[in-house]
Amino acid sequence: MATSGKIRFHMRRYDVPDYSELLLRTDAPRGSSWRLFGAEDEVGTLNFITPEVIVEARSCIKRGAYFNLDCSLDAFDPPILAHRETLKHSIFGSSPHHRDDCIDRFYLQSGTQVDGLRHFRHPVHGFYNARGDEKIEVGSPTLGVNRIAEHGAVGRGVLLDVEKYLADRGERLDHPGGQAFDVATLESAASAQGVEFRSGDILMIRTGWIKYYFGLSDEERSKLPARMACAGLVQSHETLRWIWDRQFSICATDNFALECFPPVASSPFKDEVACVPDVHPRHAGMMHAPLIALLGITIGEQWNLEELSDDCQRDGVWECFVGVKPLNLTGGVGSPANAFALK
């Protein structure tokens with residue numbers, strides 16, 4: 001399958017319906033991938049990471065250059081969402097010659113993270129692959145981040161630098177205004193970088209939000225939870241189509257939602273949940289439910305892509321080997337990404 005310009009697609013390794021076909025399903029929720037990977041599947045698009053994909057990804061390592069993609073665990077202080085707290089790290093010892101430590105108030109999605117498939121339930125259809133609500137509890141492994149740890153999340157990473165692409169054209173993303181950008185922008189950025197997508201790719205989108213956030217004063221950051229906003233992907237079926245049809249295994253970004261926030265007023269997903277009375281007002285219109293609960297896509301947020309982007313700009317190579325190792329926590333909703341890249 002090929003598109004115009006420099007963007008090409010390798011032969012797909014998974015024979016699954018495209019998104020347009022998913023929207024026509026009558027045997028499962030419309031727009032869902034439920035049961036395509038098996039009735040018992042709990043990792044969704046991570047199935048696109050096959051042994052062949054991992055072996056091919058080795059070719060991305062040319063120089064042995066290492067890039068840490070995580071912000072420090074205490075980097076976001078105060079937390080960007082008001083319902084989370086700042087972690088407290090304590091060091092202690094049983095004698096003057098010994099040290100141990102612990103972390104209190106450790107919110108697993110407060111920094112560089114991946115979302116497990118139990119993070120969002122679709123208000124109408126439920127959790128991914130029809131997993132019952134009764135299974136989503138502490139101690140149950142169903143849809144937990146432990147499933148990501150068990151399956152593995154390593155492969156070829158592709159970085160699309162949206163901020164750089166737009167800056168080269170004299171445009172700037174409006175982070176405090178929650179600017180939305182569409183897949184045409186991603187396609188244009190990929191074409192400008194000479195990117196070729198492959199089934200199983202770990203997609204990383206740099207918006208510059210991390211740079212924007214850490215450029216704020218302490219006072220400005222303290223006000224963010226009350227008026228949180230970020231530039232990101234527009235909420236639309238076209239966005240979902242673009243992601244699904246390219247068979248990305250993980251979609252990660254440096255902002256805190258992957259999509260723009262607040263959601264655009266024209267989001268088609270707002271009407272889909274209008275009949276459900278208890279949807280949080282801040283979630284209405286978001287793409288998280290169809291991404292996670294319907295399509296089974298692992299999302300990465302608040303990844304530190306600055307150093308990797310600088311290197312890609314220098315050598316013109318926008319692919320790398322990426323590893324993600326979430327905590328093997330039974331039933332974890334989300335986890336620090338523990339992500340790295342090699343070139």
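Source: prediction; values computed, not measured. Computation of the quantities below employed the complete heavy-atom set of this structure, encompassing side-chain atoms and omitting hydrogens, waters and symmetry-equivalent molecules.
A salt bridge links D168 to K164: one of the charged nitrogens lies within less than 4.0 Å of a carboxylate oxygen. In summary, D311 and R63 engage in a salt bridge, as defined by a charged side-chain N under 4.0 Å from a carboxylate O. Taking a cutoff of 4.0 Å between a charged side-chain nitrogen and a carboxylate oxygen, R221 and D77 do not qualify as a salt bridge. Ion pairing between E319 and K343 fails under the 4.0 Å rule for side-chain N and carboxylate O. Residues D201 and R246 are not paired through a salt bridge, judged by the lack of any N-O separation under 4.0 Å between the basic side chain and the carboxylate. Taking a cutoff of 4.0 Å between a charged side-chain nitrogen and a carboxylate oxygen, E196 and R198 qualify as a salt bridge. Ion pairing between R172 and E163 fails under the 4.0 Å rule for side-chain N and carboxylate O.
The aromatic rings of F48 and F37 stand perpendicular to each other, their planes meeting at an angle above 60°, with 30° marking the opposite boundary. A tilted orientation is assigned to the rings of W242 and F248, their planes being inclined by 30° to 60°.
Of the N and O atoms on the side chains of Q302 and N255, not one donor lies less than 3.5 Å from an acceptor on the other residue. Inspection of the E85 and Y107 side chains reveals an N or O donor paired with an N or O acceptor under 3.5 Å. Side-chain polar atoms of T207 and D254 form a donor-acceptor pair below 3.5 angstrom.
Within 6.0 Å of NZ on K270 lie no more than 12 heavy atoms contributed by other residues, nucleotides or ligands.
Under the 4.5 Å side-chain heavy-atom criterion for grouping Ile, Leu, Val, Met, Phe, Trp and Tyr, L173 is not connected to W209 through any hydrophobic cluster.
Shortest non-hydrogen contact noted between V324 and A337 is CG1-O, 3.4 Å.
Interatomic distance, R131 CZ to W34 CH2, rounded to the nearest 0.5 Å: 10.0 Å. If you take CD on Q113 and CG on N338, they are separated by 12.0 Å, rounding to the nearest 0.5 Å. Put simply, SG on C260 and NE2 on H175 are 12.5 Å apart, with the number rounded to the nearest 0.5 Å.
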